[in-house]
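Everything below concerns the one structure shown next.
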Number of protein chains: 2
Amino acid sequence: MKIPRPTVKRLGLYYRCLSNYREDGVDFVSSQDIAEKLNIKPSQVRKDLSYFGEFGKRGLGYDVKKLLNEIAHIIGVNKEWNVAIVGAGNLGSALTSYPGLSKHKFRVVALFDNNQQKIGKKVSGITVYDISDLERTVNELKIEIGVIAVPEFAAQHVAELLEKSGIKGIVNFAPVRLRTNVPVEDVDITLSFETIAYNVVKKSSLDLLDTSND
Amino acid sequence: MKIPRPTVKRLGLYYRCLSNYREDGVDFVSSQDIAEKLNIKPSQVRKDLSYFGEFGKRGLGYDVKKLLNEIAHIIGVNKEWNVAIVGAGNLGSALTSYPGLSKHKFRVVALFDNNQQKIGKKVSGITVYDISDLERTVNELKIEIGVIAVPEFAAQHVAELLEKSGIKGIVNFAPVRLRTNVPVEDVDITLSFETIAYNVVKKSSLDLLDTSND
DNA sequence: GTAGAATTGTGAATAACATCACTAACATCA
DNA sequence: TGATGTTAGTGATGTTATTCACAATTCTAC
């Protein structure tokens with residue numbers, strides 16, 4: 001069956017939400033509980049989950065641990081993923097020690113750069129390799145996910161290197177649309193600032209002009 | 001008029017795309033040119049722009065500089081935005097020197113933290129203030145956008161402080177849904193990794209099983 | 001064990017968004 | 001100058017995503 005893209009995005013949210021419930025020692029939750037936390041409709045939660053199976057008990061809700069396990073399987077975080085970050089600059093370094101990744105089964109095992117000054121050094125305990133060693137290292141360390149944390153002009157080139165090295169998926173922090181055959185997920189920081197700027201401007205013009213017609 | 005959310009997101013993409021064209025000395029572009037770069041349909045580009053006015057010339061296309069200027073006005077980057085980053089950890093520090101921001105009219109003018117060791121020091125030339133000075137500094141430096149780069153557990157609290165300090169919009173890097181009255185834009189790094197994991201798993205199961213029924 | 005309350009799962013209805021297909025406008029060149 | 005080619009703008013149409021509304025199931029209390 002075809003799964004709506006927004007549904008896939010929300011699975012991650014459910015996963016985190018349920019993790020929190022489990023940490024709090026909660027055993028059962030309703031679609032309404034989840035929906036309130038995430039600021040969406042309960043019917044959305046139920047519909048999303050229903051694409052993958054019947055995980056709940058009518059009258060009772062969802063068994064937190066069981067559902068967590070199901071979602072982990074669906075989004076593939078029931079196993080560890082080895083991650084390589086290309087670009088050992090500020091952003092790449094920050095990601096290397098980002099707690100959100102290690103906490104959720106994403107293990108950064110290598111950094112890559114083309115700056116000879118950086119190569120061989122360690123960042124948060126992770127070795128910086130020469131970008132020309134990409135293919136060999138990806139194979140040796142069984143790396144499946146690549147992260148692009150290089151400047152815009154180098155991003156497409158790096159994407160092609162990653163693809164050629166046999167990587168399975170890319171998380172791209174550079175502000176370009178990559179052309180590849182492997183799945184790409186864009187994290188567009190600048191775009192988020194521009195979006196918030198738009199919303200701030202819009203909100204203040206609405207606040208001024210209550211008799212709005214725009 | 002009500003502008004579709006996806007359209008707003010794409011405005012930022014158009015803006016960047018046109019900036020590149022301008023840097024390359026291109027004077028006129030067609031909706032098709034833009035669409036190819038961004039991997040979308042030309043009709044999408046035209047429809048999006050049409051929400052805001054008639055910026056093109058039939059038979060010729062769009063004047064790059066003129067359209068750039070129009071979009072800059074629409075998304076509000078015709079002026080500089082002062083930005084404060086809360087959380088002077090790895091991520092906050094990386095954002096402080098992120099070139100994509102300064103390049104596009106977002107100026108980081110202050111960092112905030114609650115760690116006494118960091119307060120008073122500078123990161124990439126930007127002073128780290130005590131979080132308790134937030135309200136005063138936001139007013140003094142005319143800060144309009146706040147960035148949340150603190151751990152999950154502190155995010156909601158920081159959001160409330162930011163709101164109280166009079167900030168107009170928030171870019172949130174913590175993996176929580178914030179409850180505020182100011183516009184929030186989430187940059188959910190972990191979620192992107194989970195999404196890519198899902199897509200990798202899906203793709204490899206499809207590759208294996210060509211006679212798929214899922 | 002039965003009534004009543006809670007909650008899921010899901011077809012149907014609605015809403016949001018993307019694309020098509022056509023007209024109007026402009027440019028170029030013979 | 002008229003014929004031809006290009007491209008924007010836009011109502012109509014198609015597609016995707018969300019929400020509703022209700023039957024089916026389970027729990028709780030007495």
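The figures that follow rest on heavy atoms only: side chains count, while hydrogens, waters and symmetry mates do not. Chain letters run A, B, ... following the sequence lines, proteins first, then strands; residues in each count from 1.
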Exercise for review: Would you mind reporting whether A/Tyr98 and A/Val108 have side-chain heavy atoms less than 4.5 Å apart?
Suggested key: no
**Study point:** 4.5 Å side-chain heavy-atom contact, B/Glu144 and B/Asn82
**Key:** no
**Study point:** Separation of atom OH in A/Tyr62 from atom P in C/dT7, rounded to whole Å
**Key:** 12 Å
Check your understanding: Within this structure, what is the CD-to-P distance between B/Gln44 and C/dA21, rounded to whole angstrom?
Key -> 16 Å
Practice item. Please list, chain by chain and in numerical order, all residues satisfying salt bridge (charged side-chain N to carboxylate O under 4.0 Å, His left out) with A/Glu152, sequence neighbours excluded. Key: B/Lys103
Check your understanding: Does A/Lys105 have any salt bridge (charged side-chain N to carboxylate O under 4.0 Å, His left out) partners at least two apart in sequence or in another chain, and if so, which?
Key -> none
Check your understanding: What's the closest nucleotide to the B/Arg46 side chain, out of D/dG9, D/dA17, C/dT8?
Key -> D/dG9
Point to revise | Distance (rounded to the nearest 0.5 Å) between B/Asn69 CG and B/Ile74 CD1 | key: 10.0 Å
Review point. Roughly how far, to the nearest 0.5 Å, is CG of A/Leu161 from CG of A/Leu134?
Key: 6.5 Å
Check your understanding: Per the side-chain contact (heavy atoms from CB on, under 4.5 Å) rule, which among A/Asp188, A/Asp186, A/Leu95, A/Val150 passes with A/Phe173?
Key -> A/Leu95
**Study point:** For B/Tyr129, the option from B/Leu141, B/Asp113, B/Val86, B/Leu111 that meets side-chain contact (heavy atoms from CB on, under 4.5 Å)
**Key:** B/Leu141
**Study point:** Pairing pattern in dot-bracket form [Watson-Crick, G-U; both distances under 3.5 Å; | = partner strand] for DNA chain C
**Key:** ||||||||||||||||||||||||||||||
All N/O pairs under 3.5 Å across the protein-nucleotides 11-13 of chain C interface:
unit_1	atom_1	unit_2	atom_2	d
C/dG11	O6	A/Lys47	NZ	3.4

Practice item. Please test B/Tyr62 against B/Phe55 for ring pair (Phe, Tyr, Trp, His ring centres under 6.0 Å), starting from the C-alpha separation and ending with a verdict. Key: CA-CA 7 Å; B/Tyr62 299 90; B/Phe55 304 130; 7.8 Å; no
**Study point:** Contact state string [nucleotides 25-30 of chain C, B base, S sugar-phosphate only, - no protein heavy atom under 4.0 Å]
**Key:** BB----
Is [X] atom [atom1] crowded by more than 12 heavy atoms from other residues, nucleotides or ligands, each under 6.0 Å away?
X       : atom1 : result
B/Lys57 : NZ    : no
A/Lys65 : NZ    : no
A/Lys9  : NZ    : yes

**Study point:** Cationic tip of B/Lys37 above B/Tyr21 ring, under 6.0 Å, 45° of axis
**Key:** yes
Review point. Of the residues in residues 24-40 of chain A, which ones touch DNA chain D at a heavy-atom distance under 4.0 Å?
Key: none
Study note, to complete from the structure: Result for 5'-nearest mapping on DNA chain D, choosing between A/Ser43 and A/Arg5, is A/Arg5
